[in-house]
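Everything on this sheet refers to the single structure shown next.
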Amino acid sequence: MADPRKRRRPAETDPPGTASRRAALRLLDAVLRRGDPLDIAAHAATQGLPPADRGFAIAIASETLRWMSDIDALIDGATEQALPEDVKSRAVLRLALAQLLVLKTSPHAVVSTALPLVAGGPRRLVHALLSRAQQEEWSLPESASLPEAVAERWAAEWGDAIAAAAATAWSAPPPIDLSFAAEPDGEDWAEATALAPLHRRLPRGQAVEAMPGYREGGWWVQDLAASLPARLLGPGNGQSLLDLCAAPGGKTMQLAAAGWHVVAVDSSAKRLGRLSDNLARTGLRAEIVQGDIRRWQPDTPADAVLLDAPCSATGIFRRHPDVLHRVEPRQIEEMAELQGELLARAAQWVKPGGTLIYATCSLERAEGEDQVAAFLDWHRDWAIAPVTPDELPGGIVPDDSGFVRTLPGILTGAGGLDGFFIARLRAPSAA
């Protein structure tokens with residue numbers, strides 16, 4: 001019979017705060033072992049936690065993923081034999097060191113909530129390494145290291161300087177960007193930075209729902225880079241527009257506010273529910289359609305089509321640090337194949353002489369420049385409608401082809417940007 005003194009303590013006797021660490025451990029496992037997106041995994045992993053504990057669990061997992069390469073280097077440098085990737089003690093140490101070195105959590109709270117997550121010899125190892133980390137005052141480098149495969153891929157595609165800028169950008173969550181339906185005024189936004197018309201930037205860490213005007217619905221959260229595709233369409237003046245893969249609706253709201261008659265299409269009922277809620281809060285109007293655009297098609301062509309295509313999402317790694325641990329070249333190839341299919345279908349729905357915007361929140365050429373080059377090879381009667389510098393916020397410039405490519409290092413002094421690719425194309429005129 002087992003010695004009852006050696007049984008693991010039941011959860012109800014764990015130190016306060018252990019539940020949020022268990023949730024963070026589940027989140028880390030979901031991302032690294034199953035390849036689940038962090039924001040999707042968070043719902044199940046944090047179920048039953050109070051809002052503050054839920055937020056803390058997500059913060060622990062996020063910062064662990066952001067700094068994992070550097071945390072692993074500390075762990076490996078302190079152990080005689082490397083801990084296997086899949087053992088719980090490594091995961092617990094990752095979470096604990098992220099709290100200790102990044103979130104600056106109380107050392108006592110870190111140790112007391114880490115130990116219940118492991119048992120036996122691993123428990124002693126975790127305790128010893130955390131004690132050593134405090135005694136030796138372990139620290140992390142100034143910038144978080146990108147996963148090795150990502151760093152090599154981006155250095156090959158964009159150069160060493162851009163890869164280094166990406167590491168710097170990855171080292172902290174980004175600021176909060178807001179898009180407005182009308183230019184704001186008053187003292188509420190006096191401390192905010194305006195990087196473009198209808199835009200304000202605020203320091204991170206603020207509760208969005210508590211910001212001025214949230215209930216009134218005059219604005220919504222949207223990275224400045226994500227606002228560029230809709231900006232390049234200009235005023236709508238009642239013209240028709242298809243917003244494809246539209247949810248959760250930032251671009252839909254921009255376009256509706258700019259006077260376009262918008263039909264917003266997305267395959268996800270849940271995401272369309274968020275879009276509908278956003279429209280209700282802001283008082284803006286758009287027609288919402290649930291449909292997979294590989295099979296759905298509109299009754300009539302539109303004056304303009306915006307395709308914000310599904311992609312690897314490697315460009316939004318600052319706010320979604322899990323993406324660089326999940327996405328591999330195979331997924332990028334699969335997404336590029338899907339994008340080619342969607343782009344060809346979207347082109348069929350543009351009126352003669354109309355405009356097609358193709359955009360992805362990706363830092364992969366295969367999902368941007370290469371995708372449009374392949375499209376133009378097959379559609380010789382289509383043309384690039386070059387973006388001009390005066391259409392873009394200061395500090396962002398189109399490339400030599402007239403496309404927009406936002407890369408790490410742009411607007412660094414102002415808080416940076418997500419990575420995006422945007423091409424504006426013109427349909428052939430009627431014969």
Side-chain angles (χ1 to χ4, degrees), residues 38-39 42 55-56 58-67 98 102-104 140 142-144 146 162 164-181 183-214 217-231 248-251 253-254 278 282 308 313-324 359 361-363 392-397 404-422:
L38 183 66
D39 55 351
F56 189 49
I58 294 171
I60 294 171
S62 296
E63 294 311 310
T64 300
L65 292 165
R66 199 183 304 278
W67 290 92
V102 183
L103 297 174
K104 305 301 182 184
L140 293 168
E142 187 174 340
S143 295
L146 298 173
I162 296 300
T168 300
W170 201 31
S171 301
I176 300 173
D177 281 353
L178 305 180
S179 287
F180 287 78
E183 197 63 41
D185 54 19
E187 296 183 359
D188 287 339
W189 307 105
E191 302 300 318
T193 302
L195 299 177
L198 304 176
H199 168 270
R200 293 295 185 273
R201 173 165 286 183
L202 298 159
R204 66 179 181 273
Q206 304 184 53
V208 171
E209 294 83 356
M211 291 182 187
Y214 174 80
W219 53 262
W220 52 93
V221 177
Q222 183 182 35
D223 189 82
L224 180 60
S227 76
L228 298 179
R231 289 176 183 274
K251 299 174 185 67
M253 291 182 283
Q254 278 183 278
N278 285 330
T282 58
D308 187 359
T314 53
I316 55 175
F317 66 99
R318 298 183 306 159
R319 66 192 73 244
H320 297 284
D322 58 296
V323 71
L324 299 190
C361 57
S362 167
L363 281 173
L392 298 170
I396 306 174
V397 295
V404 178
R405 167 60 81 178
T406 58
L407 290 167
I410 295 176
L411 294 180
T412 299
L417 285 175
D418 283 348
F420 253 81
F421 173 82
I422 309 157

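Start at 1 with the first residue, then count along the sequence.
- T406 places a side-chain N or O within 3.5 Å of a backbone atom of F420 that can act as its donor or acceptor partner.
- Using a 4.5 Å cut-off on side-chain heavy atoms (C-beta onward), C361 and I316 make contact.
- The side-chain heavy atoms of S171 and W67, taken from C-beta on, include a pair separated by under 4.5 Å.
- Between the CZ atom of R318 and the CZ atom of R66 there is a distance of 9.5 Å, given to the nearest 0.5 Å.
- Here the CD1-CZ distance, from I396 to R405, works out to 13.0 Å after rounding to the nearest 0.5 Å.
- The heavy-atom pair separating P175 from G415 by the smallest distance is CD-O, 3.5 Å.
- Scanning all heavy atoms of the two residues, the minimum distance from A192 to L202 falls at CB-CD2, 3.5 Å.
- S179 contributes atom OG, which lies 6.0 Å from atom CZ of R231 (distance to the nearest 0.5 angstrom).
- Side chains of P203 and E191 form no contact here, defined as non-hydrogen atoms less than 4.5 Å apart.
- For the residue pair G395 and I410, the shortest heavy atom distance occurs at O-CG2, 3.6 Å.
- W189 approaches P212 most closely through the heavy-atom pair CZ2-O, 3.3 Å.
- Side-chain atoms of Q254 never come within 3.5 Å of backbone atoms of A230 as a donor-acceptor pair (strictly under, hydrogens ignored).
- Looking only at side-chain heavy atoms (C-beta outward), L363 and P408 come within less than 4.5 Å of each other.
- For the atom pair L65 CG and H320 NE2, the distance stands at 12.5 Å (nearest 0.5 Å).
- At least one side-chain heavy atom of V208 sits less than 4.5 Å from a side-chain heavy atom of Y214.
- In this structure, the side chains of P184 and R200 come closer than 4.5 Å at one or more pairs of heavy atoms.
- Note: W219 and F180 have tilted aromatic rings, judged against thresholds of 30 and 60 degrees for the angle between ring planes.
- Between the side chain of D177 and the backbone N or O of R201, no donor-acceptor pair lies under 3.5 Å.
- The nearest pair of heavy atoms linking K251 to A226 is CE-O, 3.3 Å.
- Using a distance-only test at 3.5 Å, with no hydrogens or angles considered, no donor-acceptor pair links the side chain of S362 to the main chain of A313.
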Apply side-chain contact (heavy atoms from CB on, under 4.5 Å) to residues Q222 and M253 and explain how you reach the verdict.
CA-CA 11 Å; Q222 183 182 35; M253 291 182 283; over 6 Å; no
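- Side-chain contact check for D418 versus L224: every heavy-atom pair is 4.5 Å or farther apart.
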As a quick check of understanding, evaluate side-chain contact (heavy atoms from CB on, under 4.5 Å) for M211 and L178, giving each step before the final call.
CA-CA 11 Å; M211 291 182 187; L178 305 180; 4.2 Å; yes
Might you work through the side-chain contact (heavy atoms from CB on, under 4.5 Å) test for W220 and T282, ending with a clear yes or no?
CA-CA 8 Å; W220 52 93; T282 58; 4.0 Å; yes
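- Minimum heavy-atom separation, I422 to A359: CG1-CB, 4.2 Å.
- Atom NE2 of H199 is separated from atom OG1 of T193 by 8.5 Å, given to the nearest 0.5 angstrom.
- When side chains are defined from C-beta on, P197 counts as touching E183, because their heavy atoms get closer than 4.5 Å.
- Just one of P174, P173, S62 meets the side-chain contact (heavy atoms from CB on, under 4.5 Å) condition when paired with R319; it is P174.
- Sparse packing is recorded around CD of E187, with 12 or fewer heavy atoms of other residues, nucleotides or ligands lying under 6.0 Å away.
- Formation of a donor-acceptor pair under 3.5 Å by the N278 side chain with backbone atoms of P248 is found in this model.
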Pair T168, T412 - check side-chain contact (heavy atoms from CB on, under 4.5 Å), show working.
CA-CA 9 Å; T168 300; T412 299; 5.5 Å; no
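- We find the OG1-CG distance between T64 and D322 to be 12.0 Å, quoted to the nearest 0.5 Å.
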